[in-house]
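Step one of this worksheet: look at the structure below.
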Amino acid sequence: MPAFGKRDIGALLEGVPLMRSLDAEPWELANVEILQLTFEIDDGQTEDLIPKALHPTIPPIIYFSVHRFPDSPAGPFLLAQARIGCRAGVRPRGYLTMAYVDSAPAADALASGWGFACRQGEISLRRYHDRIELSVETSGHVQLEAALVGPEPISGGDVQYVANMNAARLEGPAGEEPILVQVDPEFTFHRADRGKPVVSQFSAEGWNADGARLAYPVSASFAVVDTGFPRIRYVVNPERPALVGTRKVAASAKN
(Lines give C-alpha, C1' and ligand atoms only; values in the text may rest on other atoms or scores of the structure.)
Protein backbone atom coordinates (compact mmCIF):
# COMPACT_ATOMS: atom_id res chain seq x y z
CA MET A 1 0.00 0.00 0.00
CA PRO A 2 1.27 3.50 -0.76
CA ALA A 3 2.26 5.72 2.16
CA PHE A 4 0.39 8.95 2.82
CA GLY A 5 1.18 12.02 4.85
CA LYS A 6 0.04 12.22 8.44
CA ARG A 7 0.19 15.94 9.19
CA ASP A 8 -2.70 16.87 11.47
CA ILE A 9 -5.15 19.30 9.90
CA GLY A 10 -4.85 21.66 12.87
CA ALA A 11 -1.08 21.81 12.57
CA LEU A 12 -1.40 22.04 8.79
CA LEU A 13 -3.58 25.16 8.94
CA GLU A 14 -1.66 26.95 11.67
CA GLY A 15 -0.37 30.20 10.21
CA VAL A 16 -1.51 29.56 6.62
CA PRO A 17 -3.00 32.45 4.64
CA LEU A 18 -6.67 33.15 4.05
CA MET A 19 -7.59 33.43 0.37
CA ARG A 20 -10.81 35.20 -0.56
CA SER A 21 -10.85 33.85 -4.12
CA LEU A 22 -8.90 31.73 -6.61
CA ASP A 23 -8.90 34.30 -9.41
CA ALA A 24 -5.56 36.10 -8.97
CA GLU A 25 -4.31 37.65 -12.18
CA PRO A 26 -1.14 35.90 -13.38
CA TRP A 27 2.24 37.57 -13.10
CA GLU A 28 4.65 37.12 -16.01
CA LEU A 29 8.14 38.02 -14.83
CA ALA A 30 11.41 38.22 -16.77
CA ASN A 31 15.06 37.52 -15.89
CA VAL A 32 14.31 35.77 -12.60
CA GLU A 33 17.31 34.20 -10.83
CA ILE A 34 16.63 30.87 -9.11
CA LEU A 35 18.98 28.95 -6.83
CA GLN A 36 17.66 25.51 -5.83
CA LEU A 37 19.30 22.96 -3.53
CA THR A 38 17.97 19.45 -2.94
CA PHE A 39 18.83 17.24 0.04
CA GLU A 40 17.75 13.85 1.27
CA ILE A 41 16.29 14.03 4.77
CA ASP A 42 15.95 11.49 7.55
CA ASP A 43 12.86 9.40 6.86
CA GLY A 44 11.80 9.16 10.49
CA GLN A 45 9.49 12.20 10.39
CA THR A 46 8.70 12.60 6.69
CA GLU A 47 5.07 11.49 6.80
CA ASP A 48 4.42 13.91 9.67
CA LEU A 49 5.58 16.84 7.50
CA ILE A 50 3.03 16.52 4.69
CA PRO A 51 -0.79 16.40 4.61
CA LYS A 52 -2.83 13.25 4.14
CA ALA A 53 -3.54 14.07 0.48
CA LEU A 54 0.10 13.58 -0.53
CA HIS A 55 2.56 10.70 -0.76
CA PRO A 56 6.14 11.05 0.58
CA THR A 57 8.96 10.51 -1.89
CA ILE A 58 11.38 7.61 -1.59
CA PRO A 59 13.96 8.66 -0.55
CA PRO A 60 12.48 11.65 1.31
CA ILE A 61 13.81 15.00 0.10
CA ILE A 62 13.61 18.71 0.84
CA TYR A 63 13.97 21.53 -1.68
CA PHE A 64 15.48 24.88 -0.69
CA SER A 65 15.14 27.69 -3.20
CA VAL A 66 15.62 31.41 -3.54
CA HIS A 67 14.06 33.44 -6.35
CA ARG A 68 15.22 36.96 -7.13
CA PHE A 69 12.52 38.90 -8.98
CA PRO A 70 14.01 42.11 -10.41
CA ASP A 71 10.53 43.50 -11.07
CA SER A 72 6.91 42.56 -10.40
CA PRO A 73 3.54 44.24 -9.80
CA ALA A 74 4.63 44.41 -6.13
CA GLY A 75 8.12 45.72 -6.97
CA PRO A 76 11.44 43.84 -6.78
CA PHE A 77 11.74 41.14 -4.12
CA LEU A 78 13.42 37.90 -3.06
CA LEU A 79 11.45 34.78 -2.15
CA ALA A 80 12.99 31.88 -0.19
CA GLN A 81 11.17 28.58 0.23
CA ALA A 82 11.50 25.19 1.91
CA ARG A 83 9.40 22.43 0.38
CA ILE A 84 9.09 18.75 1.21
CA GLY A 85 9.27 16.47 -1.81
CA CYS A 86 6.02 14.57 -2.36
CA ARG A 87 3.61 13.27 -4.96
CA ALA A 88 0.01 14.22 -5.66
CA GLY A 89 -1.19 10.95 -7.12
CA VAL A 90 1.71 10.12 -9.44
CA ARG A 91 2.86 13.70 -10.07
CA PRO A 92 5.94 15.10 -8.30
CA ARG A 93 5.26 18.15 -6.14
CA GLY A 94 6.84 20.23 -3.39
CA TYR A 95 4.78 20.84 -0.25
CA LEU A 96 5.57 24.35 1.04
CA THR A 97 6.35 24.37 4.76
CA MET A 98 7.31 28.07 4.88
CA ALA A 99 8.46 30.95 2.71
CA TYR A 100 10.38 34.11 3.55
CA VAL A 101 10.03 37.34 1.58
CA ASP A 102 11.94 40.62 1.93
CA SER A 103 9.01 42.79 0.79
CA ALA A 104 5.73 43.28 2.66
CA PRO A 105 3.70 44.10 -0.50
CA ALA A 106 5.03 40.98 -2.23
CA ALA A 107 4.33 38.81 0.83
CA ASP A 108 0.73 40.03 0.97
CA ALA A 109 0.22 39.47 -2.77
CA LEU A 110 1.69 35.95 -2.74
CA ALA A 111 -0.35 34.96 0.33
CA SER A 112 -3.70 36.24 -0.91
CA GLY A 113 -3.20 35.29 -4.55
CA TRP A 114 -1.44 31.91 -4.46
CA GLY A 115 -1.52 30.71 -0.86
CA PHE A 116 2.13 31.24 0.06
CA ALA A 117 2.67 31.17 3.83
CA CYS A 118 5.16 34.03 4.10
CA ARG A 119 7.25 35.51 6.86
CA GLN A 120 9.32 38.68 6.58
CA GLY A 121 13.03 38.03 6.43
CA GLU A 122 16.40 39.32 5.29
CA ILE A 123 17.38 37.32 2.20
CA SER A 124 20.68 37.40 0.38
CA LEU A 125 21.65 35.77 -2.93
CA ARG A 126 25.28 36.37 -3.92
CA ARG A 127 27.11 35.09 -7.01
CA TYR A 128 30.89 34.53 -7.08
CA HIS A 129 33.08 32.80 -9.65
CA ASP A 130 33.33 29.61 -7.58
CA ARG A 131 30.03 29.55 -5.69
CA ILE A 132 26.54 31.02 -5.33
CA GLU A 133 25.54 31.72 -1.74
CA LEU A 134 22.21 32.28 -0.07
CA SER A 135 21.21 33.25 3.43
CA VAL A 136 17.91 33.86 5.20
CA GLU A 137 17.79 35.67 8.54
CA THR A 138 15.08 36.96 10.84
CA SER A 139 15.89 39.35 13.68
CA GLY A 140 19.52 38.24 13.65
CA HIS A 141 18.68 34.52 13.67
CA VAL A 142 19.98 32.49 10.71
CA GLN A 143 17.22 30.31 9.27
CA LEU A 144 19.27 29.03 6.34
CA GLU A 145 22.81 29.46 5.11
CA ALA A 146 23.73 27.45 2.03
CA ALA A 147 25.55 27.51 -1.30
CA LEU A 148 26.02 25.95 -4.71
CA VAL A 149 29.75 25.21 -4.98
CA GLY A 150 31.68 24.84 -8.25
CA PRO A 151 29.10 26.03 -10.81
CA GLU A 152 29.32 24.45 -14.28
CA PRO A 153 27.18 25.48 -17.28
CA ILE A 154 24.45 23.07 -18.35
CA SER A 155 21.37 23.12 -20.56
CA GLY A 156 18.16 24.45 -19.06
CA GLY A 157 16.58 21.20 -20.20
CA ASP A 158 18.56 19.45 -17.47
CA VAL A 159 16.87 21.46 -14.72
CA GLN A 160 13.53 20.40 -13.30
CA TYR A 161 11.31 22.42 -10.98
CA VAL A 162 8.29 20.74 -9.41
CA ALA A 163 5.01 22.54 -8.79
CA ASN A 164 4.14 23.88 -5.34
CA MET A 165 1.39 22.59 -3.10
CA ASN A 166 0.55 25.47 -0.74
CA ALA A 167 -1.72 25.00 2.26
CA ALA A 168 -4.29 27.77 2.64
CA ARG A 169 -7.81 28.56 3.81
CA LEU A 170 -10.38 29.55 1.20
CA GLU A 171 -13.24 31.83 2.20
CA GLY A 172 -16.60 30.62 0.96
CA PRO A 173 -20.37 30.84 1.61
CA ALA A 174 -20.18 27.99 4.12
CA GLY A 175 -17.11 29.37 5.91
CA GLU A 176 -13.42 28.70 5.55
CA GLU A 177 -12.34 25.63 3.60
CA PRO A 178 -8.85 24.10 3.95
CA ILE A 179 -7.18 23.58 0.57
CA LEU A 180 -3.85 22.83 -1.07
CA VAL A 181 -3.21 25.28 -3.91
CA GLN A 182 -1.26 23.94 -6.88
CA VAL A 183 1.11 26.61 -8.22
CA ASP A 184 2.69 25.39 -11.46
CA PRO A 185 4.51 28.13 -13.41
CA GLU A 186 6.27 27.60 -16.71
CA PHE A 187 9.95 28.42 -17.28
CA THR A 188 11.91 29.76 -20.25
CA PHE A 189 15.64 29.32 -19.58
CA HIS A 190 18.31 31.86 -20.49
CA ARG A 191 21.18 30.14 -18.66
CA ALA A 192 21.73 27.37 -16.13
CA ASP A 193 24.51 26.00 -13.93
CA ARG A 194 24.87 23.00 -11.66
CA GLY A 195 27.16 22.33 -8.72
CA LYS A 196 27.47 20.77 -5.29
CA PRO A 197 24.84 21.73 -2.65
CA VAL A 198 26.19 22.74 0.76
CA VAL A 199 24.16 23.78 3.82
CA SER A 200 26.05 25.20 6.79
CA GLN A 201 23.04 26.26 8.89
CA PHE A 202 19.40 25.15 8.79
CA SER A 203 16.68 25.79 11.38
CA ALA A 204 13.93 23.21 10.85
CA GLU A 205 11.71 25.04 13.34
CA GLY A 206 12.18 28.31 11.48
CA TRP A 207 10.82 26.66 8.32
CA ASN A 208 7.87 24.98 10.07
CA ALA A 209 9.52 21.62 9.35
CA ASP A 210 10.18 20.29 12.83
CA GLY A 211 11.93 16.94 12.68
CA ALA A 212 13.46 17.45 9.23
CA ARG A 213 17.12 16.49 9.47
CA LEU A 214 19.40 16.83 6.46
CA ALA A 215 21.07 13.55 5.47
CA TYR A 216 22.74 13.68 2.02
CA PRO A 217 23.22 16.33 -0.68
CA VAL A 218 21.45 15.51 -3.96
CA SER A 219 21.72 18.40 -6.42
CA ALA A 220 22.10 22.15 -6.83
CA SER A 221 21.22 24.37 -9.77
CA PHE A 222 21.19 28.05 -10.61
CA ALA A 223 19.25 29.49 -13.51
CA VAL A 224 18.08 32.72 -15.09
CA VAL A 225 14.56 32.30 -16.45
CA ASP A 226 11.35 33.97 -17.50
CA THR A 227 8.60 32.66 -15.25
CA GLY A 228 5.99 34.03 -12.87
CA PHE A 229 2.88 33.11 -10.93
CA PRO A 230 0.16 31.53 -13.07
CA ARG A 231 -3.59 31.33 -12.84
CA ILE A 232 -4.64 28.71 -10.33
CA ARG A 233 -5.83 25.59 -12.13
CA TYR A 234 -6.26 23.00 -9.38
CA VAL A 235 -6.85 22.80 -5.63
CA VAL A 236 -6.79 19.69 -3.44
CA ASN A 237 -8.63 18.66 -0.29
CA PRO A 238 -5.74 18.14 2.18
CA GLU A 239 -7.64 15.40 4.03
CA ARG A 240 -8.34 13.16 1.00
CA PRO A 241 -5.96 11.39 -1.42
CA ALA A 242 -5.15 13.73 -4.30
CA LEU A 243 -6.48 11.24 -6.87
CA VAL A 244 -10.00 11.76 -5.50
CA GLY A 245 -9.65 15.09 -3.68
CA THR A 246 -8.42 17.26 -6.58
CA ARG A 247 -10.79 19.65 -8.30
CA LYS A 248 -10.29 21.91 -11.28
CA VAL A 249 -10.84 25.60 -10.63
CA ALA A 250 -13.95 26.68 -12.51
CA ALA A 251 -13.50 29.06 -15.40
CA SER A 252 -15.77 31.57 -13.66
CA ALA A 253 -13.20 31.86 -10.86
CA LYS A 254 -10.58 32.95 -13.38
CA ASN A 255 -12.50 35.83 -14.93
Side-chain angles (χ1 to χ4, degrees), residues 3-7 33-51 54-68 78-88 91-101 116-119 121 123-128 130-138 141-152 154 156 158-167 183 187 192-223 225:
F4 287 90
K6 298 179 180 178
R7 194 156 192 163
E33 297 180 353
I34 303 176
L35 175 62
Q36 177 170 278
L37 313 175
T38 307
F39 277 78
E40 284 189 27
I41 57 176
D42 189 306
D43 63 1
Q45 302 292 329
T46 309
E47 294 177 5
D48 296 327
L49 294 172
I50 61 175
L54 306 175
H55 305 287
T57 58
I58 302 175
I61 57 175
I62 188 169
Y63 302 104
F64 300 115
S65 64
V66 172
H67 293 57
R68 174 184 281 137
L78 283 89
L79 165 69
Q81 303 179 71
R83 300 178 300 153
I84 303 298
C86 57
R87 291 187 179 274
R91 299 183 182 279
R93 297 288 184 258
Y95 171 70
L96 179 72
T97 60
M98 184 55 60
Y100 287 90
V101 182
F116 282 82
C118 297
R119 294 174 179 169
I123 305 170
S124 175
L125 179 62
R126 301 176 296 273
R127 293 174 55 187
Y128 304 98
D130 63 339
R131 64 178 52 223
I132 303 166
E133 297 179 343
L134 73 92
S135 66
V136 180
E137 297 186 15
T138 55
H141 298 285
V142 176
Q143 306 298 345
L144 180 66
E145 194 169 78
L148 178 157
V149 177
E152 299 178 349
I154 57 172
D158 294 326
V159 179
Q160 180 183 20
Y161 300 123
V162 301
N164 271 44
M165 300 299 285
N166 298 344
V183 183
F187 302 89
D193 296 274
R194 67 179 177 188
K196 178 182 178 181
V198 175
V199 169
S200 53
Q201 293 192 63
F202 164 57
S203 168
E205 181 180 359
W207 293 93
N208 195 27
D210 292 9
R213 294 184 294 274
L214 305 187
Y216 303 105
V218 177
S219 65
S221 65
F222 175 81
V225 303

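These numbers come from the heavy atoms of this one structure, side chains and all, not from hydrogens, waters or symmetry mates.
Listed by first and then second residue, the salt bridge (Lys or Arg N to Asp or Glu O under 4.0 Å) pairs involving residues 196-210 amount to none (not counting sequence neighbours).
Nearest heavy atom pair, residue L96 against residue M98, reads CD1-O, 3.4 Å. Nearest heavy atoms, G211 versus A204: N-CB, 4.5 Å. Residue Y100 comes nearest to I123 through the heavy atom pair O-CD1, 3.2 Å, listed as atom of the first residue, atom of the second, then distance. Shortest non-hydrogen contact noted between G206 and Q143 is CA-OE1, 3.2 Å. Between C86 and Y95, the shortest heavy-atom distance links the atoms SG-N, 3.7 Å. Here the closest heavy-atom approach between residue V101 and residue C118 is recorded as CG2-SG, 3.7 Å.
The closest side-chain heavy-atom distance from L134 to I132 is not below 4.5 Å. Considering only heavy atoms from C-beta on, D193 stays 4.5 Å or farther from I154 through its side chain.
Within 6.0 Å of atom CZ in R126, more than 12 heavy atoms from other residues, nucleotides or ligands are found, so the atom counts as buried in its surroundings. Taking a 6.0 Å sphere around CZ of R119, one finds it holds more than 12 heavy atoms contributed by other residues, nucleotides or ligands.
Between the side chain of H55 and the main chain of A3, a donor-acceptor pair closer than 3.5 Å is present. In this structure, S200 contributes its side chain and E145 its backbone to a donor-acceptor pair below 3.5 Å.
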After noting the C-alpha distance and the side-chain angles of F39 and F202, does the key distance pass the ring-ring contact (aromatic ring centres under 6.0 Å, His included) rule?
CA-CA 12 Å; F39 277 78; F202 164 57; 8.9 Å; no
Which donor-acceptor pairs under 3.5 Å do the side chains of residues 159-166 make with protein atoms, sequence neighbours left out?
unit_1 : atom_1 : unit_2 : atom_2 : d
N164   : OD1    : R83    : NH1    : 2.8
N164   : ND2    : Q81    : OE1    : 2.8
N164   : ND2    : N166   : OD1    : 3.1
N166   : ND2    : W114   : O      : 3.1

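R68 meets the salt bridge (charged side-chain N to carboxylate O under 4.0 Å, His left out) test with E33; sequence neighbours excluded.
Distance check, rounded to the nearest 0.5 Å: CG of L37 to OG of S219 gives 8.0 Å. Rounding to the nearest 0.5 Å places CD of E133 at 13.0 Å from CZ of R127. For the atom pair CZ (R213) and OG1 (T46), the distance works out to 9.0 Å, reported to the nearest 0.5 Å. The distance from atom CG of L54 to atom CG of L49, rounded to the nearest 0.5 Å, is 12.0 Å. For the atom pair NZ of K6 and CD1 of I50, the computed distance is 10.5 Å after rounding to the nearest 0.5 Å. Put simply, CG on D158 and OG on S221 are 10.0 Å apart, with the number rounded to the nearest 0.5 Å.
For the side chain to side chain contact (heavy atoms under 4.5 Å, CB included) criterion with W207, the lone passing option out of I84, I62, V136 is V136.
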